[in-house]
Amino acid sequence: MITFKQYLRQSTTYKIFKIFIREFVDFLTTFGDIVENGLKTLRYILTFQVNVKELMDQCVRFGISSLPITLSIVGMTSIIVTSQVASEMVKQGGGHFVGLLMSILIIREVGAIMSGFAIVSMIGSSLASEIATMRVTEQIDAISVLDVDPIRYLFVPRILSGIIMMPVIVIIASAFGILTGALTTKLTTELGYRAYFDSVWLGIYMKDLGVCLLKSICFGGTIALISCACGYQASGGAKGVGLATTKAVVWSFVAIVIWDMIFAIAFFF
Amino acid sequence: MSIKVKNLTKSFDGKNVIDNISFEVHDGETLAIVGFSGSGKSTVLKLICGLIEKDGGEIITSEGDIAMVFQYSALFDSLNVADNISFALRERKDLRNKYKEEELRSIVSQKLELVGLKGIESKFPSELSGGMQKRVSFARAIVTEPKTILYDEPTAGLDPISSTLIEDYIVRLQQETNAASIVVTHQMSTITRTANKLIMLYKGKIVFAGTPEEMLRQDNPYTKQFVTASLEGPMHMLS
């Protein structure tokens, strides 16, 4: 004879199990969609089936409109780090290495990852909600009925613009981060600009620059792909758009951290 | 023959939404599909134009394009009216490089004239009324001169006068294009003014097939309930 408590316990376990299975299936479906749509997009890019006007529009959206927020985030991160490290290094006699430390830190890590986070929150969420809205208002169905592949029209220019513009954003943001580091060092220590920039050059390695560019290409393409794919999957109304946008942001954040880890292990382990 | 649907079936999550239905629409004819909300009307259109895949049966259409006018127009809100109408001509693989810019402009203005909207090429969908958006979506649908035109509740959400105008354009497009048309609708005026024949769906099955005049005679208990908008009858609100 089963007691009420046992029944309740079983029932809760069952419910948790059901939620787990549902989430797992959703994870696999999303992952499968991202891979499938990514491969289709790659095929269009490799066969040069790109709408150049749309690509230009997306590059402006991806690059120009996101630049102020990206510069702010990387600049402020640089101020936070420099203000805590510079005076201590000067005290310990290592003032001439502040520039070197900042250039290594920004080029290897801060420039790309902070720009990535800024792009996810600004461009990724906007891409996902735009495509999700198109899905729930039947605009994507209309594209299909007009015999145009939505992947070619929507995914290709957006992903390509991510791949092209992200390295540009990261280079500008990194340079800005190093400059704000110089300004902060000047304001918080007695170290001059000359001493700072002399050591900045010591910390710039070709390998670091190459890895930084490669990493930013992967970040840009991945953020755009995940955002488009999550938006494309949307269903229902306003709730569906919200869920798709949240999913795109969460998945993009996780994906760029995974990419960052892969690059760290591959090149600096 | 332009559209022939034979023993079409479709189910979602084990529930039969379309259950073994068959009908034909010839060139120049308009078939109205009527029924309760959720009876599978829009699903039939999506199956015909290939937006969803059928489980069984056959859909045979004449060679040529299939166009669809969506319930809420589904205009691309980031594109202006001209780019919306010329979208297929600019983006479709087989048409992409076929027309020069002047030709595209001329086709757009010709199609806009056909739906009674001149000089709005540079406007965006958000600047248009519901009725105008619907007419722009008509123009977009016929830009490739389709042999089959599907209308999903074309007069839904419009005032009576705008509805009459839309119905007139459905008839005009049918005459101009000689296409086979299917109109999904709840509205009696749309049925009587645009359709040559109709089918009524209930629980995914055809419960009546005939002409609008035959439906108005109310010989069939299903059409009687539909025409009189009665709660009493063989049909119950679908859960």
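Computed from heavy atoms alone, side chains included, the values below leave out hydrogens, waters and symmetry copies. The chains referred to below are lettered A, B, ... by the order of the sequence lines, with proteins before strands, and numbering in each begins at 1.
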Check: Is it the side chain or the backbone of Asn51(A) that comes within 4.5 Å of chain B heavy atoms, both, or neither?
Finding: side chain

Next item on the list: Under 4.5 Å heavy-atom distance to chain B, tell me which part of Ile143(A) shows up: side chain, backbone, both or neither.
Entry: both

Please classify the contact of [X] with chain A as side chain, backbone, both or neither, using a heavy-atom distance under 4.5 Å.
X: Leu95(B); result: neither
X: Asp94(B); result: neither
X: Ile48(B); result: neither
X: Arg96(B); result: side chain
X: Ile66(B); result: backbone

Margin query: Counting only heavy atoms not in Glu103(B) (residues, nucleotides, ligands), do more than 12 fall under 6.0 Å from its CD?
Written below: yes

Note to self: With a 3.5 Å distance limit and no angle check, can you tell me whether Ser162(B) reaches the backbone of Leu158(B) through a side-chain donor-acceptor pair?
What the structure shows: no

Next item on the list: Specify which of Thr144(B), Leu75(B), Val143(B) makes the most heavy-atom pairs with chain A at under 4.5 Å.
Entry: Leu75(B)

Next item on the list: For residues Phe70(B) and Tyr151(B), establish whether the separation of their ring centroids is below 6.0 Å.
Entry: no

Next item on the list: Could you tell me if the ring centre of Phe155(A) sits under 6.0 Å from that of Tyr44(A)?
Entry: no

Margin query: Whether Arg92(B) engages the ring of Phe87(B) as a cation-pi pair (distance to the six-membered ring centre under 6.0 angstrom, angle to the ring normal within 45°) should be assessed.
Written below: no

Checklist line | Rounded distance (nearest 0.5 Å) linking atom CG of Asp149(A) with atom OG1 of Thr41(A) | finding: 8.5 Å

